[in-house]
Amino acid sequence: MTPEENFMRKIEAGEKIEPKDWMPDDYRKNLIRQISQHGHSEIIGMQPEGNWITRAPSLRRKGILLSKVQDEGGHGLYLYSAVETLGISRNELIEALQTGTAKYASIFNYPAQTWGDMGAIGWLVDGAAIVNQVSLQRTSYGPYARAMIRICKEESFHQRQGYEIMVTLSRGSAAQKAMAQDSLNRFYWPALMMFGPHDSESAHSARSMKWKIKRETNDDLRQKFVDQTVKQIEVLGLEHPDKDLKWNEERGHYDFGEIDWDEFYNVINGNGHANRQRIEHHVRAHEEGEWVREAMHAYRDKKRSAKQQ
Ligand code: ACO
């Protein structure tokens, strides 16, 4: 059996591919692309909510938000570690993010304007992320699949805390309910865009499905999210932002309105509301952290030379 045949045998048998196993070059490259972009999304995703930590309405809310944002940072580091097992360095990953070679989730280029957005982001953005990530727990690359298991547990807490904010606001004063509705209106469609282009337009899907990197397609995952969100909006007593939403008895799913794909491509190509600001902030934070990296390297070198003596 050739290495390639053995690789495909493992994929078909549902076995995990581990870092030292033989793998096709394109499988490695595609994983580096997807996992690194996933990691970048977690890291850049700290910014819209980080912006609200100092303005949280109570100590309890502040503590929860702080720990959620820290979790996202942890997810990013987990994913960077997973992608480093494929033979790329952290420096190369960061450079790709900062120079725009690597993408990150479109959603994080939308500004967080109100406290209601903390609810909508936790509920819808983390909710959409979970739908995708639950399926990625079964991805074929071992380190990625294992990272997803832990990350999903934490995302589930994030989703609930966001929904709880929405429940509180929608049961509050008229102004609070209006704030919840406004956040839902602004984040609903961008959350649907998180699943990527239609399957017919998705450059990587066919190969990623064959290699079991992706276990469900962009459109199938998006449909799951649409279906599960309808009831949640009803419970909040808010209006659904999609006027074309309709139950389709035959399909057993909701039909829904068309996404604004011009907006999606504009945002992923760097022209969203906050793209420039997000990267500038990352560059600044990275430069300000240089002394920490220097101290770590000095400590490592000191330990190494002590061992050699
Ligand atoms: N935001 C930014 N870029 C996107 C998005 C999006 N929502 N959806 C698709 N793209 C990009 C792809 O990265 C790809 O660009 P590239 O070739 O430069 O890498 C291009 O659009 C074409 O899309 P697809 O062929 O459909 O790409 P892919 O097969 O990678 O599917 C998906 C996209 C579904 C996002 C996949 O990469 C994935 O499941 N990633 C892991 C999950 C993830 O990254 N989640 C991010 C949010 S998690 C959080 O909340 C922090």
Side-chain angles (χ1 to χ4, degrees), residues 26-27 29-50 68-69 71-80 82-83 96-97 99-110 120-141 144-145 147-148 151-152 154-159 162 187 189-222 224-225 259-261 263-272 274-275 278:
D26 282 348
Y27 176 84
K29 280 195 197 129
N30 200 11
L31 275 176
I32 291 177
R33 181 193 65 80
Q34 177 167 326
I35 307 174
S36 69
Q37 296 191 161
H38 193 166
H40 296 325
S41 306
E42 303 278 358
I43 297 293
I44 296 293
M46 295 165 79
Q47 292 186 36
E49 288 170 301
K68 179 199 189 279
V69 173
D71 284 353
E72 305 294 1
H75 298 172
L77 300 183
Y78 242 54
L79 288 162
Y80 284 158
V83 79
L97 170 68
T99 55
T101 324
K103 296 189 172 72
Y104 56 88
S106 46
I107 190 84
F108 300 119
N109 294 306
Y110 291 80
I121 290 174
W123 165 40
L124 298 171
V125 176
D126 292 66
I130 298 174
V131 169
N132 187 352
Q133 291 172 164
V134 162
S135 109
L136 288 172
Q137 289 177 341
R138 295 181 294 117
T139 188
S140 56
Y141 189 55
Y144 193 23
M148 283 299 108
I151 289 175
C152 279
E154 293 182 351
E155 294 288 11
S156 167
F157 151 70
H158 299 165
Q159 197 261 354
F187 278 91
W189 290 105
L192 295 198
M193 295 177 197
M194 286 174 70
F195 297 96
H198 280 313
D199 296 346
S200 54
E201 307 290 319
S202 164
H204 305 289
S205 272
R207 226 171 27 169
S208 294
M209 292 291 287
K210 177 178 138 214
W211 282 332
K212 297 190 179 167
I213 292 174
K214 281 166 93 165
R215 303 307 308 264
E216 287 175 84
T217 71
N218 298 2
D219 284 328
D220 287 349
L221 291 168
R222 184 168 18 245
K224 260 191 199 170
F225 178 74
I259 288 167
D260 181 346
W261 293 109
E263 177 179 321
F264 170 76
Y265 285 111
N266 246 327
V267 175
I268 70 169
N269 289 324
N271 300 316
N275 296 60
R278 298 290 184 241

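Counting starts at 1 for both ligands and their atoms, following the listed order.
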Can you tell me the protein heavy atom closest to [atom] and the distance?
atom                    : answer
atom 30 (O) of ligand 1 : Arg33 NH2, 2.9 Å
atom 8 (N) of ligand 1  : Gly196 CA, 3.2 Å
atom 31 (O) of ligand 1 : Lys214 NZ, 3.0 Å
atom 10 (N) of ligand 1 : Phe264 CZ, 4.2 Å
atom 27 (O) of ligand 1 : His204 CD2, 3.6 Å
atom 21 (O) of ligand 1 : Ile268 CD1, 3.8 Å

query = What atoms in ligand 1 come closer than 4.0 Å to a heavy atom of Pro197?
reply = 9 (C), 23 (O), 26 (O)
query = Which ligand 1 atoms, with their elements, are less than 4.0 angstrom from a heavy-atom of Ser202?
reply = 24 (P), 25 (O), 26 (O)
With heavy atoms under 4.0 Å as the rule, classify the contact between [X] and ligand 1 as side chain, backbone, both or neither.
X      : answer
Asp126 : neither
Leu136 : side chain
Tyr265 : neither

remark   = The reported gap from CG in Asp126 to CD in Glu154 (rounded to nearest 0.5 angstrom) is 11.0 Å
ask   = For Tyr141, what residues pass the ring-ring contact (aromatic ring centres under 6.0 Å, His included) criterion, not counting sequence neighbours?
value = none
task = Check the pair Tyr78, Ile151 against side chain to side chain contact (heavy atoms under 4.5 Å, CB included), reporting the backbone distance first and the verdict last.
result = CA-CA 9 Å; Tyr78 242 54; Ile151 289 175; 4.3 Å; yes
request  = Verify the contact flag for atom 46 (C) of ligand 1, where contact means a protein heavy atom under 4.0 Å away.
outcome  = yes
ask   = Just to confirm, does any protein heavy atom lie below 4.0 Å from atom 43 (C) of ligand 1?
value = yes
request  = Look at the aromatic rings of Trp261 and Tyr265 and report parallel, tilted or perpendicular, splitting at 30° and 60°.
outcome  = tilted
inquiry  = Any heavy atom of Tyr144 closer to ligand 1 than 4.0 angstrom?
reply    = yes
task = Would you mind finding which of His198, His75, Lys103, Met194 brings a heavy atom closest to atom 16 (P) of ligand 1?
result = Lys103
